[in-house]
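Inspection log for the structure reproduced underneath, given as structure tokens.
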Amino acid sequence: ATPTVILDIRDLVVRFGGILALDSVGFTAEAGRILGLIGPNGAGKTTVFNCLSRLCRPNAGDILFRGKPLSGLRRHRIAGAGIGRTFQNVSLFDHLGVRDNILVGGHVLGRAGFLAHTLRLGRVAREEADLHDRATEMIAFMGLAGLDNRRVADLPFPVRKRVELARALMSRPHLLLLDEPAAGLNHEEVEVLKEQIRAIRDRLGTAILLVEHHMNLVMSVSDKVVAMNFGRKVAEGLPGEIAQNPEVIRTYLGMG
Ligand code: ATP
């Protein structure tokens with residue numbers, strides 16, 4: 001069967017003063033697939049992410065998410081619309097526990113989620129119970145069982161990254177944006193991360209857009225890879241094709 005396009009980026013242009021950060025970039029991502037986005041520093045990868053989370057307003061072009069233009073959505077509606085995200089620098093509430101941090105991710109589901117903490121009656125109480133059930137599932141899914149009440153600040157970096165992933169998954173995103181998830185992880189931790197990324201795709205059915213400098217990770221988990229350089233898409237294809245692509249090889253050799 002032909003895969004469903006979940007994300008359709010068309011001719012995206014972003015300028016910062018005189019810098020053309022994105023120069024007519026276009027590609028599609030498919031539901032339930034992993035798309036790797038690679039390129040040297042300054043290629044424009046983070047700018048693509050920022051356009052997707054509406055932190056950046058494109059000067060031209062369109063982004064269709066599940067067939068609808070993203071430009072119609074306010075920034076705080078992005079997560080509710082089904083786009084989850086993690087950051088290059090883990091952004092958690094350090095003084096809160098693991099479960100509480102993860103529960104925060106469920107609150108993008110709507111006002112009922114927020115109310116649940118103050119009104120513990122009827123429907124709202126049930127919704128809060130649902131959130132806790134989902135948190136329990138995500139805690140187990142990310143291998144965080146037993147750490148519910150541990151203060152995030154006291155946990156090692158790779159574990160904090162897993163808490164951030166669990167939080168991003170709370171809202172059942174259709175598309176998950178991962179910004180350099182392998183940064184700061186050792187070889188063994190990257191191997192665990194590979195399995196977790198594949199599990200998010202295979203068991204939760206989530207599409208993933210993966211920005212990553214760790215080539216071994218990108219090439220081993222991605223279903224498709226888009227390579228960028230100087231704000232342009234320079235190649236797109238299967239990981240094996242991209243790894244052999246002369247332009248991509250030149251770009252990375254040029255990078256040193
Ligand atoms: P990295 O791998 O280092 O994160 P990247 O591929 O994510 O790089 P971007 O951060 O998207 O690249 O940057 C693309 C270009 O836009 C760069 O030339 C960068 O300096 C410029 N740029 C990004 N954000 C801004 C901004 N807020 N103001 C001015 N220039 C910016």
Side-chain angles (χ1 to χ4, degrees), residues 7-29 34-65 70-71 74-76 78 83-92 157-158 160-161 164-165 168 175-186 189-190 193-194 197 207-222 224-237 239 242-243 245-256:
L7 177 71
D8 186 355
I9 297 180
R10 297 180 179 172
D11 302 320
L12 214 56
V13 176
V14 173
R15 284 188 206 94
F16 296 111
I19 298 170
L20 198 50
L22 294 182
D23 184 3
S24 204
V25 169
F27 58 84
T28 60
I34 299 171
L35 173 60
L37 188 55
I38 61 168
N41 293 330
K45 308 177 301 294
T46 303
T47 305
V48 170
F49 262 31
N50 287 342
C51 289
L52 286 170
S53 25
R54 306 276 297 135
L55 293 169
C56 161
R57 208 170 265 277
N59 295 88
D62 292 305
I63 301 174
L64 300 179
F65 178 61
L70 214 59
S71 55
R74 307 271 293 279
R75 188 184 300 173
H76 65 279
I78 291 293
I83 300 182
R85 165 169 200 176
T86 67
F87 292 84
Q88 220 165 309
N89 303 307
V90 177
S91 65
L92 293 168
F157 178 71
R160 292 211 302 272
K161 289 197 119 170
E164 204 194 16
L165 263 176
L175 174 67
L176 181 62
L177 310 178
L178 300 181
D179 198 352
E180 297 192 28
L185 300 186
N186 66 28
E189 290 156 356
V190 170
L193 177 66
K194 280 183 191 171
I197 290 176
I208 296 173
L209 183 53
L210 171 68
V211 162
E212 188 53 80
H213 284 292
H214 195 294
M215 281 307 121
N216 173 271
L217 173 70
V218 182
M219 294 304 179
S220 66
V221 303
S222 299
K224 178 168 96 172
V225 177
V226 167
M228 294 180 64
N229 197 14
F230 296 117
R232 287 170 169 268
K233 182 174 84 175
V234 293
E236 174 172 1
I242 294 300
N245 182 293
E247 174 100 29
V248 174
I249 293 169
R250 204 174 323 126
T251 300
Y252 278 93
L253 289 179
M255 219 174 93

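Order of listing sets the numbers, starting from 1, for every ligand and every atom in it.
- Rounded to the nearest 0.5 angstrom, Lys45 NZ and His213 NE2 are separated by 4.0 Å.
- Residue contact check: Pro40 has heavy atoms under 4.0 Å from atoms 6 (O) of ligand 1.
- Atoms of ligand 1 found under 4.0 Å from any heavy atom of Asn41, numbered from 1 in the order shown, are 1 (P), 2 (O), 3 (O), 8 (O).
- Within a 6.0 Å sphere centred on CZ of Phe157, heavy atoms belonging to other residues, nucleotides or ligands number more than 12.
- For Lys161 (side chain) and Thr86 (main-chain N/O), no donor-acceptor pair under 3.5 Å exists by modelled atom type.
- Using a 4.0 Å cutoff on heavy atoms, Gly44 counts as a contact of ligand 1.
- Only the side chain of His213 comes within contact range of ligand 1, with a heavy atom under 4.0 Å; no backbone atom does.
- In this structure, Asn59 and Arg15 approach most closely via the heavy-atom pair OD1-N, 2.7 Å.
- Scanning the protein heavy atoms around atom 16 (O) of ligand 1, the nearest turns out to be Ala21 CB, 3.3 Å.
- Of all the atoms in ligand 1, the ones that sit under 4.0 Å from a non-hydrogen atom of Thr47 are 9 (P), 11 (O), 13 (O), 14 (C).
- Between Leu22 and Gly44, the closest heavy-atom pair is CD2-O, 3.5 Å.
- For atom 23 (C) of ligand 1, the nearest protein heavy atom (residue, atom name, distance) is Phe16 CE1, 3.4 Å.
- A donor-acceptor contact shorter than 3.5 Å is absent between the side chain of Glu212 and the backbone of Gly36.
- Nearest protein neighbour of atom 4 (O) of ligand 1, counting heavy atoms only, is Thr46 OG1, 3.3 Å.
- There is no protein heavy atom less than 4.0 angstrom from atom 20 (O) of ligand 1.
- When hydrogens are left out, the protein atom nearest atom 2 (O) of ligand 1 is Lys45 NZ, 2.7 Å; that is the closest non-hydrogen contact.
- Nearest protein heavy-atom contact of atom 18 (O) of ligand 1 is Ile19 CG2, 3.8 Å.
- Two residues are said to be in side-chain contact when any heavy atoms from C-beta on lie closer than 4.5 Å; Lys224 and Ile242 fail this criterion.
- Sparse packing is recorded around CZ of Arg232, with 12 or fewer heavy atoms of other residues, nucleotides or ligands lying under 6.0 Å away.
- Under the 4.0 angstrom criterion for non-hydrogen atoms, Cys56 is not in contact with ligand 1.
- Under the 3.5 Å distance criterion, the side-chain polar atoms of Lys233 are left unmatched by any main-chain donor or acceptor of Val226.
- At least one N/O-N/O distance between Ala43 and ligand 1 falls below 3.5 Å.
- From the protein, the heavy atom lying nearest to atom 17 (C) of ligand 1 is Gly42 O, 3.8 Å.
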